[in-house]
Structure formats: C-alpha cells, structure tokens
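A short write-up of the structure that comes next.
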Protein chains: 2
Amino acid sequence: MSQMLQIHDQLREMILSLDLGPGERLTERWLESRFEGSRTPIRAALVRLEGEELVRRDGRNWIVAPIDIGELEALAEFRIPLETTAVRLACARASAADIAGVEEMLDACQSGAPREEWHRVGTDFHVEIARLSGNPFIVKAIAGAMTRLSRARWLEVWTEPSREQAWREHRRILGFIEANDPEAAAREAADHIKDTRDRLLRSLNEDRRGLRARGFAVIGLR
Amino acid sequence: MSQMLQIHDQLREMILSLDLGPGERLTERWLESRFEGSRTPIRAALVRLEGEELVRRDGRNWIVAPIDIGELEALAEFRIPLETTAVRLACARASAADIAGVEEMLDACQSGAPREEWHRVGTDFHVEIARLSGNPFIVKAIAGAMTRLSRARWLEVWTEPSREQAWREHRRILGFIEANDPEAAAREAADHIKDTRDRLLRSLNEDRRGLRARGFAVIGLR
DNA sequence: TATCCCGAGTTGGTATCCCAAACAATCCAG
DNA sequence: CTGGATTGTTTGGGATACCAACTCGGGATA
C-alpha cells in the first residue's frame, strides 16, 4: 500500500481514538518525524482527512477537528430518516445470510469484551444495517455520521446498564428486520437513535467539567 | 486564494460542465502544463477531487469519474427521505425572508434564460431548500447528491415542457412550505424526485446511442 | 514602564529532482 | 512471420530545496 494511505489510516486512527486531542495543532514537520516520511505523502493524507472533516485548517495551520457537541442533535435528526429508510429497505432486500452476519457481529461482543470492542461494534452495527439496504449512498452517509459521532462516544461515561440497553435495542431492530416487519423496525431504529442521543448528551453535560479538565477542545457545550 | 484551490475549482468546473469527458484520463503532467503550476498543488487538488468522487484512480492513473447511470435510482432513493425531512423541517423553521430568497432565485430564471442558468437553478433549488431545514448534514448530503446528478442532467434532452414542469413542481414545493403544510410539501417533494428520476432515465435510455457516439464513458446503461 | 518595531525562526506553499513501476515499441530467436 | 524478451519512455510516488508569510521575543524609544 502506498505510504500516503498508511499515514492516512494511522493518523485517522490516532484522531478517532483521541490519541490526538480535538483542536490539537498538527504541524507537517512534526508528522514528518512522527511517521518518518517526507511532507509529500503527509500533505496528501492531510488533504484527504480534511475531506473527511477529521482535520481542519485554522488559518494556515492544521488542527485536529474539534468535537462540536452542538451538532449531536443535528446528527440524530439526519440519521433518523436515513436509518428508518435503511431498515425498511433491509426488510425488503436483505437475505437471511446477510442478517445472520450482522447477528454474529453482535454476538461476538459479550459483556466481558474490552471497551474498544463495544465502541467499534456500536458504530459498525449501524453501518452494517445500512449496508443491508443495498443503497451505497445511505451506507456512505451513515458511515460518515457514525464517524462524526465516534469521538464523542469515547467521552461518554459508559455504565454497564446503558451498554446493555443499547445492545438490546440493536438486537430488537435486527429482530424486526428478520421478522420482516418494516414499520416496527423503523420505529425501533428511530427510538434507538433518540435514546442514544439523549444518553450521550446527558452524560456529556454531567461531565463537562471533567472534559475541560482533560484538555479537550470541545465546542458547542451549552 | 491558494493555487491549489484555484486549480481545484477550475478542474471541478471543467468536470461538471463535461469539458472533460467522464472516464477521460488525466495525467499530472498534462494538468501541469494546462494550469501552469507545478505538480504539488495539482496533486493536492486531485486528492481533494477524489474525496468528492469527481476524480478517481484507475490503477495508478487518474481518470475523470465516469457517470454511472445505474446509481440514479439509488440516488433518488437516498434523496427522498432526506428531502422530505428537509421540507418538513423547513416548514417549522424557515423564516418568511428565507423562503422569499428561494422564491427570488426561481423567479430569476425565466423561459428565455440560457441552458446553464436552468441547470444551475435546478440544482441549487434543492440545496437551498435543504438549507431552510437548518440542518447542515442534510445540506451537505443533498449538495453531494446534486453534484453527483449534475453531469447526468447535462446529458438529458431538455424539452420546453419538461423544464416548465420541473419549474412548476419546484414552485409548488415552495408554496406548501410557505403555507406551512409539511405533509403536502413532503408528498410533493417525493413526487418531484421520482418524476425527475423517471424523466432523466427515459431521456438517457432513448439517447444512449447518441451518448456513446459522443464518446461518453457512461456506465450502468441497461 | 508601556509600546512599537524589527528580525530570527518556524510554518505551510511551491517547484523540482529522483526513483520504481507500468507500458510500449523494438529487436532477435525460432 | 510470429512470439517473447528487452529496453526506452512515461507515469505517478516520494524527497528535498527554496520561498513567502506569519509568529514571537527582545530591545530601542517615547
């Protein structure tokens, strides 16, 4: 694989895992030494990440995109029509094997699993459901939305019961798709998105002081 | 503005206006002489355009993204839930002044207007409606979808009546928003998207031989 | 003491150079 | 005449050199 793609993927991972703090400045020279490559592939990776809005310009400088908590509501508003459409289409189009694949993914993540695993599955589930719709535009839009949500979800204080609830909701959505009940699946998906949004906002609001103290450039906290 | 952005915008314009044919190969060296800049900013512009899916890699080479007519259906399927949501939200949120602004845009495009004008307004209308929703994610998604549609719309054989019909439908959508009738607006928007899709597909299918003859790399014609 | 100004250092933007891989034309062997 | 090896050319990927603009101190001055 080209060096540029390696750097892109690594940098992306560092950003999404909060290894690099939101709002943190990135200098091309630092990245140069960090990745032991020249500025050419690094700049290409940065331009690419800019397109994914994981990196942004601040004047002439590069910064890690800040987390804007204000956009969480808009994000839910965006996801609801798309994901309800996705599950309806999935009812009509997904094969039993496709559904079983997603089910397997959920099963693979048991209570003992590490935090990273829960985080990943919680994101991928929605993308995989979108994939069942067979519509590539829906898939890409949902994948982008989940990427945007991803970092905020690391900041959430995860309790065992909330994890369990999310898991149950995922399970129920999938169940309705399997039972070929599009309207129930759509209702469940919309409720799940709202629940998740509320849980996240409540958690972040309670912890806002903690976030600031940990040095996160988090904007949009009201 | 940086040279890279200039090149990006110019190249983007050339692609969207079909100045550069879909599927056409782009060599960095040719672009270098064409834009009288060095390869560095050109490559940055290409990476950026790749993110917008207007340019694509074919092995090691760059090509102008082909037009995939097969994706027109998926595109409509994607737009319907988003745009119906957008008009519903617009009913709740758009100010009279905002609506008047869009109305003005429609009025500015009278029957005598050049083809480019109709094309532009026909695209921008949907983006502006999305903007009335106040949800930036919906705006970006619709803008992206309209960009993807844009080139196929140039290939459509535009008749005066079809233009008039599209204009009337736009007008009616806006009318329902103004009258604060979200469900009627949503119904009208969905119908309009389907009508447009059907018109476009019919036109392209009738003309497919003409398209091939004009040398367009058009994939997905069935 | 406060303020302004200048210069050293650092940054991203651009041009250019080198390289390995892909491609094509060519040339030789059969 | 044909097919395959070979070599020359062109391409994109990466490295590096240079530049203009910005940043930030420190010192001169009012």
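Sequence lines set the chain letters: A, B, ... in the order given, protein chains first and strands last, and positions in each chain run from 1.
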Gap between atoms [atom1] and [atom2], on [X] and [N] respectively (whole Å):
{"X": "A/Glu32", "N": "C/dT11", "atom1": "CD", "atom2": "P", "answer": "10 Å"}
{"X": "B/Asp58", "N": "D/dG12", "atom1": "CG", "atom2": "P", "answer": "12 Å"}
{"X": "A/Ile7", "N": "D/dG13", "atom1": "CD1", "atom2": "P", "answer": "13 Å"}
{"X": "B/Arg57", "N": "D/dT11", "atom1": "CZ", "atom2": "C1'", "answer": "12 Å"}
{"X": "A/Met4", "N": "D/dG14", "atom1": "CE", "atom2": "C1'", "answer": "13 Å"}
{"X": "A/Glu28", "N": "D/dA17", "atom1": "CD", "atom2": "P", "answer": "17 Å"}
{"X": "A/Trp30", "N": "C/dG12", "atom1": "CH2", "atom2": "P", "answer": "12 Å"}
{"X": "A/Arg25", "N": "C/dT11", "atom1": "CZ", "atom2": "P", "answer": "7 Å"}

Mapping A/Arg29 and A/Ser2 onto DNA chain D by nearest heavy atom, which one lands closer to the 5' end?
A/Ser2

How is B/Gly37 classified with respect to the nucleic acid when contacts are heavy atoms under 4.0 Å: base, sugar-phosphate, or nothing?
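Result for B/Gly37 = sugar-phosphate.
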
Base, sugar-phosphate, or nothing: which does B/Leu26 touch, judged by heavy atoms less than 4.0 Å apart?
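Result for B/Leu26 = sugar-phosphate.
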
Could you check whether A/Arg56 makes a cation-pi contact with A/Trp62, meaning its NZ or CZ is under 6.0 Å from the centre of the six-membered ring and within 45° of the ring axis?
no

Is it true that A/Glu77 and B/Arg93 have a side-chain N and a carboxylate O under 4.0 angstrom from each other?
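A salt bridge is present here (some side-chain N lies under 4.0 Å from a carboxylate O).
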
Pair B/Arg39 + B/Glu28: basic N to acidic O under 4.0 Å
yes

Do B/Arg79 and B/Arg197 have side-chain heavy atoms sitting under 4.5 Å apart?
no

So do A/Leu26 and A/Val55 actually touch side chain to side chain, heavy atoms under 4.5 Å?
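Result yes, sub-4.5 Å side-chain heavy-atom pair found.
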
Starting the side chain at C-beta, find the nucleotide from C/dT11, C/dT16, D/dT11 nearest to B/Ser38.
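Nucleotide nearest to B/Ser38's side chain: C/dT16.
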
Among D/dG14, C/dA15, D/dG12, the nucleotide that comes nearest once only the side chain of B/Gln3 is considered:
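Nearest to the side chain of B/Gln3 among the choices is C/dA15.
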
Residues from residues 39-49 of chain B lying under 4.0 Å of DNA chain C - heavy atoms
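Going residue by residue through residues 39-49 of chain B, the ones with a heavy atom under 4.0 Å of DNA chain C turn out to be B/Arg39, B/Thr40, B/Pro41.
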
Return the orientation label for the A/Trp154 and A/His119 ring planes: parallel under 30°, perpendicular over 60°, tilted otherwise.
parallel

Could you tabulate the donor-acceptor pairs under 3.5 Å formed by side-chain atoms of residues 7-14 of chain B, not counting sequence neighbours?
{"residue": "B/His8", "atom": "NE2", "partner": "B/Glu52", "partner atom": "OE2", "Å": "2.5"}
{"residue": "B/Arg12", "atom": "NE", "partner": "B/Glu52", "partner atom": "OE1", "Å": "2.8"}

